[in-house]
Student: 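The structure under discussion is supplied below as structure tokens; questions concerning it will follow.
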2 protein chains.
Amino acid sequence: MVALFKFFKKFNTLSKEAEKAIAEISKEVTVKRNSDLQTIGHTCKTIYFLKKGVARIYYFKEDIDITESFSFENSIVVRFESLFTGRPSKKAIQVLEDSDFIAINSPELFKLYDKHPDIERLFRKIFEASLVETVNRVESIQFHTAEERYKVLIKEAPNVLKRVPLKYIASYLGITPVSLSRIRGQK
Amino acid sequence: MVALFKFFKKFNTLSKEAEKAIAEISKEVTVKRNSDLQTIGHTCKTIYFLKKGVARIYYFKEDIDITESFSFENSIVVRFESLFTGRPSKKAIQVLEDSDFIAINSPELFKLYDKHPDIERLFRKIFEASLVETVNRVESIQFHTAEERYKVLIKEAPNVLKRVPLKYIASYLGITPVSLSRIRGQK
DNA sequence: GAAAACACTTTACATATGATAAGAAATTAC
DNA sequence: GTAATTTCTTATCATATGTAAAGTGTTTTC
């Protein structure tokens, strides 16, 4: 739990009682590589914090596996469109290395908001940061070509290359593995 | 202001004092068609509510005007990546018809959060809904072709066609006006 | 440690998209 | 209401990307 509370501190400070309340509705989860942490069709009722490992969110478009996002150490992994609507997600969370998560029960968490305004504020700020990230992702998809985004990716997150198969990176960039191979091949 | 508070009610109920506090930091703004409500390089310190009219958020990629989003009546218009980071935005907000906005001063608004937890909760929920929308937009860009998205657009928002020039719709879909014309032409 | 499975690259070909330009249609301005 | 401007469509051509298939390399499994 230490890593989790350290992560929280970047957004908002919590009272001891608030930390305790969160700890009570959270548990550690270990997942084997290549297995699904959450499956397609499942309604998201858990906010995951990735302590160790790599995960991706993916879905199928006409039998083609498409990666929506990657997650690395010390970040939140959630399918927001399911968490905030209560509807089943068309996406799954898969683990690409043996990974450790802290799983926070979200209905329980939301109940804590009334008694602990500092928790509500914390998650408001976390999700505001997610909104900024997601808006920037829309921008990067519209603004830049797959090639430009590949170069940004290897520059800003070179570890991705080492930890994630290229076929997933390709679908994340919106291109085929063949196209990615061409981009990598030139020069 | 009536329309604004009616919009708020969809997310959270406010006390009379809270409504009054928001009214005090808000003002009505009228903008002539085709002019910019906020320019590129401006740091977003206003949350706009669009009462009447149409707006779009756009930016330039190598001198090409690209539309990031459209906004219609009874919705919030904000460049989140600037509002939440305090950094200047690379995007502008342009008005496509003579439009009426309610402009909420965001630094003042955020100050109200401590005294009015119902205001903090209101905007938490509004921005959570924005997060869901934005995640769905990422999905739609990756998931669907421009042609599929055009058909969804005319089905779900047929008024867009009547109120927005096709060239803006094309860039919103990530294609050229020529390509959009081909899609529209077939059949 | 050999066999099997998986991941990546390369090639050839077909197709869709973009760029450019020209013309038609619609809108705006006087 | 006519001219000017803007918007949209159509056509032609060049290019980039996808599909399919084959081959190479790497990792996994027993």
Side-chain angles (χ1 to χ4, degrees), chain A residues 31-36 53-56 58 60-67 70 94-99 140-151 153-154 158-187, chain B residues 31-36 53-56 58 60-67 70 94-99 140-151 153-154 158-187:
Chain A
V31 188
K32 280 270 169 232
R33 100 174 262 245
N34 285 340
S35 60
D36 278 358
V54 186
R56 69 181 185 114
Y58 72 97
F60 289 98
K61 175 188 166 63
E62 289 151 19
D63 295 342
I64 308 286
D65 174 326
I66 298 184
T67 299
F70 299 111
Q94 186 194 31
V95 151
L96 301 179
E97 298 174 357
D98 293 355
S99 300
S140 96
I141 298 177
Q142 277 207 320
F143 221 126
H144 299 287
T145 64
E147 180 169 348
E148 287 166 342
R149 291 192 291 128
Y150 174 72
K151 283 171 180 166
L153 188 69
I154 57 175
N159 54 320
V160 177
L161 265 288
K162 287 176 194 124
R163 301 174 76 181
V164 176
L166 288 173
K167 59 177 181 174
Y168 296 146
I169 295 176
S171 75
Y172 173 77
L173 295 173
I175 55 178
T176 59
V178 175
S179 264
L180 179 55
S181 206
R182 279 193 274 242
I183 289 170
R184 287 160 54 78
Q186 66 178 237
K187 196 188 67 98
Chain B
V31 189
K32 279 270 168 231
R33 102 172 262 247
N34 286 340
S35 62
D36 278 357
V54 185
R56 69 180 186 115
Y58 73 96
F60 289 98
K61 174 186 167 63
E62 288 149 22
D63 295 341
I64 308 284
D65 173 325
I66 297 185
T67 299
F70 299 111
Q94 186 195 31
V95 152
L96 302 180
E97 299 172 356
D98 292 358
S99 300
S140 95
I141 298 177
Q142 277 207 320
F143 221 129
H144 298 286
T145 63
E147 182 171 345
E148 289 166 340
R149 290 192 292 126
Y150 173 72
K151 283 171 181 166
L153 188 70
I154 55 173
N159 55 319
V160 177
L161 266 287
K162 288 177 193 123
R163 302 174 75 180
V164 177
L166 287 174
K167 59 176 182 175
Y168 296 146
I169 295 176
S171 74
Y172 173 77
L173 295 172
I175 56 179
T176 59
V178 175
S179 265
L180 178 56
S181 207
R182 278 194 274 244
I183 289 171
R184 287 160 53 80
Q186 67 179 235
K187 192 189 74 90

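Letters A, B, ... mirror the listed sequences (proteins, then strands); counts begin at 1. What's counted below: heavy atoms across the whole structure, side chains too, no hydrogens, waters or symmetry copies.
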Student: Between which nucleotides of DNA chain D, read 5' to 3', does contact with chain B run, using atoms under 4.0 Å from its heavy atoms?
Tutor: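 Listed 5' to 3', the contact boundaries are D/dT7 to D/dT12.
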Student: Here's one to test your reading of the geometry: is the NZ or CZ of A/R56 within 45 degrees of the ring axis of A/Y168 and under 6.0 Å from its centre?
Tutor: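 Yes.
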Student: In Å, rounded to the nearest 0.5 Å, how long is the span from OG1 of A/T176 to CZ of A/R182?
Tutor: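 Going from the OG1 atom of A/T176 to the CZ atom of A/R182 covers 6.5 Å.
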Student: For every nucleotide of nucleotides 24-30 of chain C, 5' to 3': is a protein heavy atom under 4.0 Å from its base (B), only from its sugar-phosphate (S), or from neither (-)?
Tutor: ----S--
Student: Between B/H144 and A/K61, what is the shortest heavy-atom contact and its length?
Tutor: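 Result for this residue pair: CA-NZ, 4.0 Å.
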Student: Passes side chain to side chain contact (heavy atoms under 4.5 Å, CB included), B/D65 versus B/F60? Steps please.
Tutor: CA-CA 5 Å; B/D65 173 325; B/F60 289 98; 3.8 Å; yes
Student: Quick one: B/L173 CG to C/dA16 P, roughly how many Å, whole number?
Tutor: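 One finds 18 Å between P of C/dA16 and CG of B/L173, rounded.
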Student: With sequence neighbours left out, what residues match B/I175 under side-chain contact (heavy atoms from CB on, under 4.5 Å)?
Tutor: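 For B/I175 the side-chain contact (heavy atoms from CB on, under 4.5 Å) partners, ignoring immediate neighbours, are B/A146, B/A170, B/L173, B/S179, B/L180, B/I183.
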Student: Calculate, to the nearest 0.5 Å, the distance between atoms CG and CG belonging to A/D98 and A/N34 respectively.
Tutor: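 It comes to 9.0 Å.
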Student: To check you understand the geometry: which heavy-atom pair defines the closest contact between A/S35 and A/V31, and what is its length?
Tutor: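 Scanning both residues, the minimum pair turns out to be OG-CG1, 3.1 Å.
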Student: For A/R33 and A/L96, which heavy atoms make the closest approach, and how far apart are they?
Tutor: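 Taking A/R33 first and A/L96 second, the nearest heavy atoms are NE-O, 3.5 Å.
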Student: For the helix from C/dG1-D/dC30 to C/dC30-D/dG1, figure out the bend between the end axes, five pairs an end, and round to 10 degrees.
Tutor: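 Between the first-five-pair axis and the last-five-pair axis there is 60°.
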Student: Quick one: do B/E148 and B/F143 satisfy side chain to side chain contact (heavy atoms under 4.5 Å, CB included)? Show the steps, please.
Tutor: CA-CA 9 Å; B/E148 289 166 340; B/F143 221 129; over 6 Å; no
Student: As a quick check of understanding, evaluate side chain to side chain contact (heavy atoms under 4.5 Å, CB included) for A/R184 and A/L161, giving each step before the final call.
Tutor: CA-CA 12 Å; A/R184 287 160 54 78; A/L161 265 288; 3.5 Å; yes
Student: Rounding to a whole Å, what distance do you find between B/I66:CD1 and C/dG18:C1'?
Tutor: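 Rounded to whole Å, this separation is 14 Å.
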Student: Name all residues meeting the side-chain contact (heavy atoms from CB on, under 4.5 Å) criterion together with A/K162; count only those two or more places apart in sequence or in a different chain, and write none if there are none.
Tutor: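 Checked A/K162 against side-chain contact (heavy atoms from CB on, under 4.5 Å); zero matches.
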Student: How long is the gap from OG on A/S171 to CD on B/Q142, to the nearest 0.5 Å?
Tutor: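 So the gap between those two atoms works out to 7.0 Å.
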Student: Got a second to check how far A/Y172's OH is from A/L166's CG, nearest 0.5 Å?
Tutor: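 It comes to 14.5 Å.
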Student: Show each protein N/O and nucleotides 4-11 of chain C N/O combination with a separation under 3.5 Å, one pair to a line.
Tutor:
from: C/dA7; atom 1: OP1; to: A/K167; atom 2: NZ; distance (Å): 3.3
from: C/dA7; atom 1: OP2; to: A/K167; atom 2: NZ; distance (Å): 2.6
from: C/dC8; atom 1: OP1; to: A/L166; atom 2: N; distance (Å): 2.9
from: C/dC8; atom 1: OP2; to: A/L166; atom 2: N; distance (Å): 3.2
from: C/dC8; atom 1: OP2; to: A/K167; atom 2: N; distance (Å): 3.2
from: C/dT9; atom 1: OP1; to: A/R184; atom 2: NE; distance (Å): 3.2
from: C/dT9; atom 1: OP1; to: A/R184; atom 2: NH2; distance (Å): 3.2
from: C/dT9; atom 1: OP2; to: A/S181; atom 2: OG; distance (Å): 2.9
from: C/dT9; atom 1: O5'; to: A/S181; atom 2: OG; distance (Å): 2.9

